[in-house]
Chemist: 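This is the structure, below, for whatever I ask next.
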Amino acid sequence: MHLYTSQQIKAIDKRAEQMGMSLFALMENAGNGIYRKLMPLLNKSEKVLILAGKGNNGGDGIVLTRYLKNNGNHVKLVFPTGEPKTPTALEHLAFYQACGYEVSEFSFDLKADWVIDALLGVGSQLPLRENLAQITAWINQSGAKVAAIDLPTGVSSDEGDIDEYAVQADYTYALHGFKPSAFLFPSSQNYGEVSVIDIGIRQDSGWRVWRDEDVRKTLPKPTGNTHKGTFGTNLLIAGSDEMPGSAALAAIGALRFGTGKLTIATTKHASTIIGPLAPEATFSFDVKSAGIADQYLSVAIGPGLNPDDELETFIKDLLDQPVAIILDAGALSQRKYNDRQAPVIITPHPGEFSRLTGKRSVEIQKNRISFASQYAVENGLMVVLKGKYTVIAYPDGTGVINLTGNRALSKGGTGDTLTGMLLASIGTHQSIKAAVANAVFIHGACANDWVKENGDQALSAHDFDRLLPKICRHYSS
Ligand SMILES: NC(=O)C1=CN([C@@H]2O[C@H](COP(=O)(O)OP(=O)(O)OC[C@H]3O[C@@H](n4cnc5c(N)ncnc54)[C@H](OP(=O)(O)O)[C@@H]3O)[C@@H](O)[C@H]2O)[C@H](O)CC1
Ligand SMILES: [K+]
């Protein structure tokens, strides 16, 4: 479940070869692995058409064809843009032909139940040349089920760009690891269902998908030997007279995700609304940044606050304190973070990240992973870039992608709840990286659970009050 850019894949292939694992063997593993994934989906009577390109992506298609022929499937191999050019694809073609198997002529009149897109992989450049664009357009209107090898042809590997005629796949079999475009926009929409094929090389990427197993392994287990002070006191600086609800929703997130003691710094008016919704919290009406680290384990600031000079001055002073800080909503602005030792976590959605970076939202969506990572490294902080496929970028250049969550989360207030969960999470976990990833994962898992019973219309942020206990128990049992 790791991610690799096209450059990394090229380096990996080279290193494997130096270590004695030939590209011929890797291609064999690729074709065989795809065959094993595809077999359960194929009906023996269905016609399969393998469209192979001139590079090694085409070579994978040649190997797959051989396995399907060996198995007696109804399969044709064609080279619509000409025979392979790479030595490894040619070696596999020679072996394929030595087995007595043939290459067919391509024609736009061919009919198939399945089309396998083995045209371009990580060696592709956009836009597609015209002769290839005609073929991908033909694939898309063929009515056949489409499975792409490594990536759908016409989709960039490392960015969200796609060609106008990019293949729209139903399934994509990514080799060795995901390519970033599987989680970028609009490219991810061309992938269909993506799975990763193990081709026999050790995984060594700093980026990966955060999975169920990771959550189960790292979510803190309740122990008998704790009291309300075990995890310290968390401070939530949130809510205003006009936006008291944001603080209440963040408080629900914190209280339901394991905070022992919560203090909310807010206005007196806001506290009258928050109090009944989060009776466990205490209030502070005159919070000062000086000495915060002595009183509190971690601080979240921003939900329901309006950004102004007074808030910015307060945040600057707060950043001088040796305490973990989560910055959200009104607390997100362009600033310097200097060389802080204590962790900082920022939680922008693409619009907020656009304001922080000066880049357009559409550019951010095309490059969510690299932009978030660059910002995290340059500023020495953690970025939780929200949205479909939330990106969690760590300051050391590594990161994870979260796959839980759905459209139901596109509602005001759900981000406030996540901020509260993050506040609780960093106090209860051993590892801050896991703390952030688990809060994001569980937040999305709550929404997934909600839509199973209720559809994706009616979720409100306050529903997390009852969703969190159920989902936390599910992952910690
Ligand atoms: N470690 C692994 O994951 C392995 C993956 N394998 C597979 O290999 C491909 C990468 O193979 P590579 O040969 O480097 O590149 P491609 O097959 O993707 O494509 C190269 C050919 O594509 C032509 N091309 C590029 N852009 C365009 C375009 N816009 N329009 C038309 N044609 C294009 C290019 O033509 P040139 O004339 O420019 O040379 C090449 O002919 C990877 O994705 C996996 O599928 C290995 O099998 C095992 C290890
Ligand atoms: K492909």
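In each ligand, atom 1 is the first atom listed, and ligand 1 is the first ligand listed. Keep in mind that the numbers below use all heavy atoms, side chains included, and drop hydrogens, waters and symmetry copies.
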Chemist: For atom 38 (O) of ligand 1, which of K14, K54, R129 has the closest heavy atom?
Modeler: R129
Chemist: Looking at atom 14 (O) of ligand 1, what's its closest protein heavy atom, distance included?
Modeler: G123 CA, 4.1 Å
Chemist: Is it the case that D158 and S6 place a side-chain donor and acceptor less than 3.5 Å from each other?
Modeler: yes
Chemist: Between H176, E130, K85, which one has a non-hydrogen atom sitting closest to atom 39 (O) of ligand 1?
Modeler: K85
Chemist: Judged on heavy-atom distance to atom 4 (C) of ligand 1, which of L128, L26, D13 sits nearest?
Modeler: D13
Chemist: Ignoring hydrogens and angles, state whether a donor on the side chain of T347 or D328 is under 3.5 Å from an acceptor on the partner side chain.
Modeler: yes
Chemist: Nearest non-hydrogen contact with atom 26 (N) of ligand 1 belongs to which option: M27, E28, Q125, K10?
Modeler: Q125
Chemist: Looking just at side-chain N and O atoms, do K433 and T398 make a donor-acceptor pair shorter than 3.5 Å?
Modeler: yes
Chemist: So which protein heavy atom does atom 18 (O) of ligand 1 come closest to, and at what separation?
Modeler: G121 N, 2.5 Å
Chemist: Quick check on contacts: which atoms of ligand 1 are under 4.0 angstrom from a heavy atom of N57?
Modeler: 8 (O), 9 (C), 11 (O), 17 (O), 43 (O), 45 (O)
Chemist: At what distance is the nearest protein heavy atom to atom 6 (N) of ligand 1, and which residue and atom is it?
Modeler: D60 OD2, 3.8 Å
Chemist: Looking only at protein heavy atoms, identify the closest one to atom 22 (O) of ligand 1 and say how far it is in Å.
Modeler: L120 CD2, 3.0 Å
Chemist: Hey, can you tell me if Y101 and Y96 have their rings parallel, tilted or perpendicular (30° and 60° cut-offs)?
Modeler: tilted
Chemist: Checking a contact table here: which protein heavy atom is nearest atom 13 (O) of ligand 1, and how many Å away?
Modeler: N56 N, 2.9 Å
Chemist: Using modelled atom types and a 3.5 Å cut-off, is there a donor and acceptor pairing between side-chain atoms of T172 and backbone atoms of Y191?
Modeler: yes
Chemist: Can you list the residues that meet the ring-ring contact (aromatic ring centres under 6.0 Å, His included) rule with Y173, with sequence neighbours excluded?
Modeler: none
Chemist: Excluding sequence neighbours, so at least two apart, what forms ring-ring contact (aromatic ring centres under 6.0 Å, His included) with W207?
Modeler: none
Chemist: Please list the nearest protein heavy atom to atom 10 (C) of ligand 1 with its residue and the distance rounded to 0.1 Å.
Modeler: V122 CG2, 3.6 Å
